[in-house]
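Presented below is the structure to which this report refers.
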Amino acid sequence: MSTGAAPERLHHRVLEWYSVSARDLPWRRTDATPWGIFVSEIMLQQTPVARVAPVWHEWLARWPTPTDLAADAPGEAVRAWGRLGYPRRALRLHAAAVAMTEHQAGTVPSTETELLALPGVGTYTAAAVATFAFGERTTVVDTNVRRVLARVISGEEYAAPSPTRAELTVAAGLVPLDAVEARTWSVAVMELGALVCSARSPRCSECPVADLCAWQLAGRPSYQGPARKGQAWEGTDRQLRGALLAVLRASDVPVPRSSLEALSDNEIQRERCLDSLVADGLVEPLSRDRYQLPASREAS
DNA sequence: AAGTCGTGGCC
DNA sequence: TGGCCAAGACT
């Protein structure tokens, strides 16, 4: 259940490793603004770093502050989102910018509690922004942290399908007391999970805490917990929604309904997807048979 | 509270 | 080749 290793030893090893192995990511640089960090955290949700970087640069150049984004139409955010996936994030980012502009004088709120109130911001993102942008000492738990702690502390290959109370307690107990050190610790554990303690083929021979790792010491037993759910794709609504939105993103003018109907022979599914996109605020019906990305300022 | 929501690269 | 996975949030 526990390595028995003193937390200080774990801290030292991980922080030392991070100081020489960390990637030089733009949102980690000292000139990154809270807004830049906020945008990066939303974009990074379920999305690899390599895909985020170029889009992040485009966004920050075009909308350097929340107020800049808020002044533009939500459809522009959806268009500039490109193929990052989960496009509702673009809409929520726009809505968050509007909220910051209207209620925070155009600034990113600095506390975890205030951040949590913003659209698209959940437990992880609130803690991450509070820590990485403002230095608040909090517990940051993402999929990387969960996996690293499952291995190092609990001796299991993977964390449970969803976070448990015990898991959060363990993570919180490992956060260094010093706020500056805590901030680095959080990003360092995430980095360790991303670069070394990866899901499929962990590089234990390069791991700075291999000799302290409960999973390693137990002989790297395979995962015994409940089956993890796969993600169906072929023929799903998600696939068709993506295709529909791609057509709309690519067009500067309203798209005739016929262009959208050409994407699928399944009329039931087609209508369901189009309706759900409209309901989500990702698509705006102009007339009876023309559609476009949302131009109105008050889409969800 | 289990399902849903994109996209593409990797082993 | 294709199932699995990636800095989750929302309902």
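Every chain is numbered from 1, with letters handed out A, B, ... down the list of sequences. Just so you know, these numbers use all the heavy atoms, side chains as well, and skip hydrogens, waters and symmetry mates.
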Please report the distance, rounded to the nearest Å, between [atom1] in [X] and [atom2] in [N].
| X | N | atom1 | atom2 | value |
| --- | --- | --- | --- | --- |
| E157(A) | dC5(C) | CD | C1' | 13 Å |
| Q239(A) | dG6(B) | CD | C1' | 10 Å |
| D237(A) | dC5(B) | CG | C1' | 10 Å |
| L282(A) | dA9(C) | CG | P | 18 Å |
| R241(A) | dG6(B) | CZ | C1' | 9 Å |
| R200(A) | dA6(C) | CZ | P | 7 Å |
| W233(A) | dC5(B) | CH2 | P | 10 Å |
| R146(A) | dA6(C) | CZ | P | 11 Å |

Does [X] have a side-chain nitrogen or oxygen under 4.0 Å from the phosphate oxygens OP1 or OP2 of [N]?
| X | N | value |
| --- | --- | --- |
| T125(A) | dA9(C) | yes |
| R228(A) | dG3(C) | no |
| R83(A) | dG8(B) | yes |

Separation between the [atom1] atoms of [N] and [M], rounded to whole Å:
| N | M | atom1 | value |
| --- | --- | --- | --- |
| dC5(B) | dC5(C) | C1' | 16 Å |
| dG6(B) | dA6(C) | C1' | 12 Å |
| dG8(B) | dA9(C) | P | 23 Å |
| dA1(B) | dT11(C) | C1' | 9 Å |

Heavy atoms under 4.0 Å, any strand shown: does [X] hit a base, just sugar-phosphate, or nothing?
| X | value |
| --- | --- |
| T123(A) | sugar-phosphate |
| A128(A) | nothing |
| S198(A) | nothing |
| V121(A) | sugar-phosphate |
| G85(A) | base |

Scan side-chain atoms only and decide if [X] and [Y] contain a donor-acceptor pair under the 3.5 Å cut-off.
| X | Y | result |
| --- | --- | --- |
| E41(A) | Y124(A) | yes |
| T138(A) | T131(A) | yes |
| S198(A) | R203(A) | no |

Item to complete: Nearest-nucleotide wise, let me know which of L84(A) and S201(A) is further upstream toward the 5' end of DNA chain B.
Response: L84(A)
Practice prompt. Determine the interplanar angle of the W35(A) and F38(A) rings, folded into 0 to 90°, and report it as parallel if under 30°, tilted if 30 to 60°, perpendicular if over 60°.
Written response: parallel
Discussion item. When you measure from the side chain of S186(A) to the backbone of A182(A), do you find a donor-acceptor pair of N or O atoms at a distance under 3.5 Å?
Written reply: yes
Discussion item. Quick check against the 3.5 Å criterion: does R151(A) have a side-chain atom that pairs as donor or acceptor with the backbone of Q216(A)?
Written reply: no
Response to the item:
Looking only at dA6(C), dC10(C), dG6(B), the nucleotide nearest the R89(A) side chain is dG6(B)
Worksheet item: Between dT4(B), dA6(C), dA7(C), which nucleotide gets closest to the side-chain atoms of Q231(A)?
Response: dA6(C)
Practice prompt. Applying salt bridge (Lys or Arg N to Asp or Glu O under 4.0 Å), run through R147(A) and D142(A) and close with a yes or a no.
Written response: CA-CA 9 Å; R147(A) 186 177 54 252; D142(A) 78 326; over 6 Å; no
Discussion item. Nearest 0.5 angstrom please: H11(A) NE2 to L174(A) CG, how far?
Written reply: 5.5 Å
Worksheet item: Could you state the interatomic distance from CG (L293(A)) to CD (E284(A)), rounded to the nearest 0.5 Å?
Response: 9.0 Å
Fill in: R241(A) vs D280(A), salt bridge (Lys or Arg N to Asp or Glu O under 4.0 Å): CA-CA, chis, key distance, verdict
CA-CA 11 Å; R241(A) 280 168 55 106; D280(A) 285 346; 2.8 Å; yes
Item to complete: Would you jot down, in residue-number order, the residues of residues 247-272 of chain A having a non-hydrogen atom under 4.0 Å from DNA chain B?
Response: R249(A)
Worksheet, complete the sentence: Numerically ordered, the residues 23-59 of chain A set in heavy-atom contact under 4.0 Å with DNA chain B is Q46(A), T47(A), R51(A)
Worksheet item: Under the 6.0 Å and 45° cation-pi test, does R228(A) pair with Y158(A)?
Response: yes
